[in-house]
Amino acid sequence: MSASGNADSGERARIVVGAVASGVETSKAKVAEHAQGKPITIGADDTLEEPTRITQQHQVHRLPVIGGHKLVGMLSQADTAQHADEHRTAPPRPGEMVSEISGP
């Protein structure tokens, strides 16, 4: 996993390929044995500004949503962009949300 603790599909594939290449029997291996870092999450009551800031800061595409101490969902960049567009007062510029989230 990345230093932020989240893994996108490319990172997950790298972990699996690395495990297989090193002879790990994937049917018996536990995810916790290969995971690194602390997961980055978002609270169910947070505003849409928070996931935008977090995804940009940690360069992740999806965030687990936590309500209390339970996982209540997953929030993707596309979810954030869609809902942000619904609340805009001005039309978005092309690529604006992706640029904000994926930027340095």
Side-chain angles (χ1 to χ4, degrees):
M1 286 193 173
S2 66
S4 67
N6 286 339
D8 62 16
S9 61
E11 184 71 7
R12 285 189 301 267
R14 186 194 63 72
I15 292 167
V16 171
V17 169
V20 171
S22 64
V24 171
E25 191 172 341
T26 57
S27 64
K28 295 181 181 177
K30 303 293 183 198
V31 172
E33 296 169 355
H34 300 278
Q36 299 173 359
K38 181 180 176 189
I40 304 299
T41 62
I42 193 79
D45 295 330
D46 290 343
T47 68
L48 284 176
E49 290 177 349
E50 190 66 8
T52 301
R53 183 189 65 75
I54 290 173
T55 55
Q56 184 176 26
Q57 178 182 348
H58 296 283
Q59 294 296 294
V60 295
H61 300 282
R62 289 166 204 82
L63 292 168
V65 181
I66 304 298
H69 295 286
K70 294 183 178 182
L71 177 67
V72 296
M74 291 292 288
L75 185 70
S76 70
Q77 282 183 338
D79 297 331
T80 304
Q82 177 183 359
H83 292 290
D85 284 346
E86 292 171 3
H87 297 284
R88 286 183 192 270
T89 56
R93 296 188 316 248
E96 183 178 50
M97 179 60 71
V98 172
S99 175
E100 288 175 10
I101 293 171
S102 299

Which atom of P64 lies closest to which atom of M74, heavy atoms considered: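 The pair with the smallest heavy-atom distance is CA-SD, 3.5 Å.
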Shortest non-hydrogen contact from A44 toward G67: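 Residues A44 and G67, closest heavy atoms: CB-CA, 4.1 Å.
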From E50 atom CD to L75 atom CG, the distance as rounded to the nearest 0.5 Å: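 E50 CD to L75 CG: 11.5 Å, rounded to 0.5 Å.
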Single-linkage hydrophobic cluster, 4.5 Å side-chain cutoff, I40 and I42 together: yes
T55 vs T80 side-chain heavy atoms within contact, under 4.5 Å: no
From L71, V72, D79, residue fulfilling side-chain contact (heavy atoms from CB on, under 4.5 Å) relative to V65: V72
